[in-house]
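In listed order, ligands and their atoms are each counted from 1.
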Amino acid sequence: MAEYVRGAPEVAVIRMCNPPLNTISDVMLRALSEEVNRANIDPTVKAVVICGANGKFSAGADIRGFSVGIEKNTLSLESVAALIEKSEKPFVAAIEDIAFGGGLELALGCHYRIANMKAQFGLPEVKIGLLPGGGGTQRLPRLIGIPTALDMITTGKYVPATEALKLGLLDEIVEENPFEAAIKLARRILGQPVGPRRLSLKQTPKLPNMEAFLHEALLKVKKQAPGCLSPEMCFRAVEASVYLPFAEGIRKEKELFLLLLTSDQAKALQYAFFAERISKKWMLPNGASWKTVSPQPIRKAAVIGLGTMGQGIVVSLVKAKIPVVALEKDKKHLEIARKAIKASLERETLRMQQKGKTLDIHKSKLLHFTLDFGALKDVDLVIEAVFEDMVLKKETFCKLSEICKPEAFLGTNTSCLDIDEIASITNRPQQVIGTHFFSPAHVMKLIEIIRGQHTSPTAIATIMNLAKMMDKCGIVVENCFGFVGNRLLSSYTEQTYFLLEEGSTPEEMDKILEEFGFKLGPFKVSDLAGLDVGWKSRIGQGLTGVNLPLGTPPRQRDGKRYSPLPDILCENRRYGQKTGKGWYLYDKPGGKIAKSDPWLHNFLQNYRKAHNMTTRTITQEEILERCLYSLVNEGFQILSEGIASCPEAIDTIYLNGYGWPRHKGGPMFYASEVGLPKILTKLQKYAEANPDIPKLQPSPFLQKLVTLGSPPLKNWPSLVSPQQSKL
Ligand SMILES: CCCCCCC[C@H](O)CC(=O)SCCNC(=O)CCNC(=O)[C@H](O)C(C)(C)COP(=O)([O-])OP(=O)([O-])OC[C@H]1O[C@@H](n2cnc3c(N)ncnc32)[C@H](O)[C@@H]1OP(=O)([O-])[O-]
């Protein structure tokens with residue numbers, strides 16, 4: 001775990017070795033403590049360098065260890081950092097690539113820190129529901145001051161080496177591996193007193209307006225992730241570094257750390273961390289997998305259709321430094337898109353500069369705008385983002401089939417249409433794949449990668465690799481109407497319309513679901529996204545509009561309950577923010593501040609009267625349960641059909657594309673925490689009261705899991721009938 005060697009006659013080297021990221025387990029801590037003691041008692045050692053094997057310093061404490069709890073008598077990370085700091089011999093941290101969490105806390109115990117140019121630093125514990133528990137909340141503010149330390153600790157953001165040097169977090173940076181430079185530094189400082197380098201002996205630098213600053217900072221922290229405990233606890237621990245002596249500050253840090261460690265939120269956030277990693281590891285029934293299939297390079301890509309979605313996809317590709325041909329159908333739309341993309345890239349350039357990265361869009365010549373399909377003949381990948389209409393999509397793919405080189409991959413950004421039907425029109429169905437981005441595409445992390453029945457493993461590997469290059473989260477799913485995310489979403493929104501009919505209001509439901517943790521409630525989301533999007537899709541499906549057979553009952557389709565409420569709003573040109581009115585009223589078209597609309601309440605009353613519905617008071621419990629349990633019920637159905645490979649994939653999709661509160665883990669994790677028997681019983685109750693809503697009928701897979709005694713979530717995939725499993 002920790003290697004002890006000589007770097008120079010008088011310099012000992014302690015190297016952390018725990019591949020791939022040198023995470024710090026109990027065993028590692030014990031080994032480190034032994035080697036520090038060995039160096040301390042060896043009279044021939046005058047200085048020590050601590051570094052990491054495998055080209056990394058350390059990603060911090062081993063998160064897996066937290067689920068088994070922390071034993072009272074285990075060695076604490078802070079005690080090892082303190083052992084290093086107290087040493088009379090200078091310790092130099094040679095930081096290569098990463099020093100996160102406990103890794104950075106160990107480095108803060110050292111007297112000097114040196115790193116390579118591409119190294120990154122951070123205390124990301126807040127993101128996994130914790131706070132830095134190895135002395136970081138007390139040493140970092142003493143070193144770099146309260147404002148920056150508080151920002152780093154409460155957000156978990158990483159800072160690059162150049163910024164860390166400016167902040168005083170580092171003493172030196174070097175181009176490449178900092179090991180040799182650390183040995184040189186260690187030899188240079190031999191004989192110098194280490195006392196002034198001990199952070200525990202320093203005071204946190206005072207600010208003239210400390211109290212006012214902390215007051216403002218706390219308000220900001222509370223807004224950052226409403227309902228999430230860890231940012232505020234991080235704040236409290238850092239605050240202690242201002243008012244308490246070091247040893248008391250450490251006690252406070254430990255007390256708050258232990259409080260968070262046992263919280264449900266920490267469990268959910270750590271689950272989310274691993275879920276994202278598990279669900280990237282795709283595998284097909286024929287054995288092809290992320291391990292065995294190599295991606296093809298994408299040297300040049302094209303995007304067809306430059307609406308909001310297409311524009312975001314272009315920006316994402318340019319950010320990944322992939323040359324893009326951006327194609328529109330006419331000059332007017334091309335010019336609108338050109339301006340919007342340029343503005344967006346300029347904003348991105350600024351944002352990246354603030355992060356210490358570069359994106360030179362002027363010199364890069366990464367973009368080519370065109371109306372000419374001929375410009376696509378040499379691209380390696382096309383992402384189609386034209387209007388959501390099967391006829392138009394097929395026309396586009398037919399053209400692409402003729403123009404693009406045979407080995408080019410053809411992706412479609414459809415949010416629900418049949419990938420196989422689109423692929424069937426091409427001369428290369430094995431190269432056709434769903435690439436479902438989420439709006440705004442240059443911001444949202446998720447890409448649902450949809451495998452059609454002929455999609456090749458190479459196409460999957462290539463798009464997964466592209467997602468990684470774009471710093472996005474690609475999840476492979478199977479082909480079905482709405483795929484995973486929108487299938488779950490439609491169960492949820494359907495309930496919100498039914499509850500509206502029965503007596504609730506958009507304001508009430510938005511408040512309840514925002515209190516649950518969604519950033520925006522369903523009606524605000526609908527106003528933001530535009531009600532017309534779903535309306536056009538429903539017209540396409542023949543659920544409303546001219547294709548609806550005469551005599552269809554207004555609140556029924558195929559014998560099932562249907563709510564025409566959103567259709568009626570669209571017929572009244574209430575598309576949401578873009579028209580200045582939807583479920584709410586806005587001061588102007590494009591306005592952002594939602595106000596309650598008396599027109600809507602009046603309309604709802606008349607609607608209920610017209611359909612002989614008695615308005616009833618609906619409890620918060622019923623609203624939450626019908627919305628969320630119908631959503632997870634669809635998740636069980638999706639698992640049983642093999643559309644998603646595992647519950648972690650569904651959760652990752654919902655966390656990264658649909659605003660599910662991260663501190664609640666994801667819908668399937670949430671279901672496992674609530675308890676499957678409770679969800680089943682409640683669904684049975686609501687289904688009985690609403691026999692015309694099939695989505696409330698418990699999924700047979702949920703029933704099976706309850707019969708089997710509610711096995712843990714990680715076992716669910718193995719309980720899906722083998723003939724159903726497609727992924
Ligand atoms: C009494 C009080 C005592 C308390 C002491 C507290 C000390 C401290 O304050 C707490 C911490 O440090 S908390 C920690 C604070 N640190 C963090 O939160 C950093 C968390 N890590 C990250 O953010 C990313 O991994 C990196 C950005 C480091 C690398 O990204 P990348 O290059 O895309 O690589 P990748 O795919 O992500 O990872 C590769 C493999 O490593 C795995 N793994 C990684 N880190 C792990 C960990 N800490 N642990 C376990 N495993 C970890 C990962 O699952 C994956 O495994 P797989 O089986 O192959 O799938």
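- For the side-chain hydrogen bond (donor to acceptor under 3.5 Å, both in side chains) condition, the pairs that include at least one residue of residues 135-151, sequence neighbours left out, are Glu78-Arg139, Glu85-Arg139, Thr137-Glu253, Asp151-Lys157.
- With Tyr112 as the aromatic partner, Lys89 does not meet the cation-pi criteria of under 6.0 angstrom to the ring centre and within 45 degrees of the ring axis.
- For Val126, the side-chain contact (heavy atoms from CB on, under 4.5 Å) test picks out Ser230, Pro231, Cys234, with sequence neighbours left out.
- Nearest-heavy-atom check against atom 14 (C) of ligand 1 across Ala99, Gly101, Pro20, Ala61 picks out Ala61.
- Within the listing of ligand 1, atoms 57 (P), 58 (O), 59 (O), 60 (O) sit less than 4.0 angstrom from a heavy atom of Lys281.
- Within the 4.0 Å heavy-atom criterion, the part of Glu105 lying near ligand 1 is the side chain and not the backbone.
- Checking Tyr271 against Asp651 by side-chain atom types alone, a donor-acceptor pair falls below 3.5 Å.
- Every atom of ligand 1 is numbered from 1 in the order shown, and the set under 4.0 Å from a heavy atom of Phe66 is 10 (C), 13 (S).
- Residue Leu21 touches ligand 1 through its side chain alone, judged by heavy-atom distances below 4.0 Å.
- Residue contacts with ligand 1, taken as heavy atom pairs separated by less than 4.0 Å, involve Thr23 solely via side-chain atoms from C-beta onward.
- Contacts with ligand 1 closer than 4.0 Å are made by side-chain heavy atoms of Ile128 only, the backbone lying farther away.
- Ring planes of Phe438 and His436: tilted class, angle from 30 to 60°.
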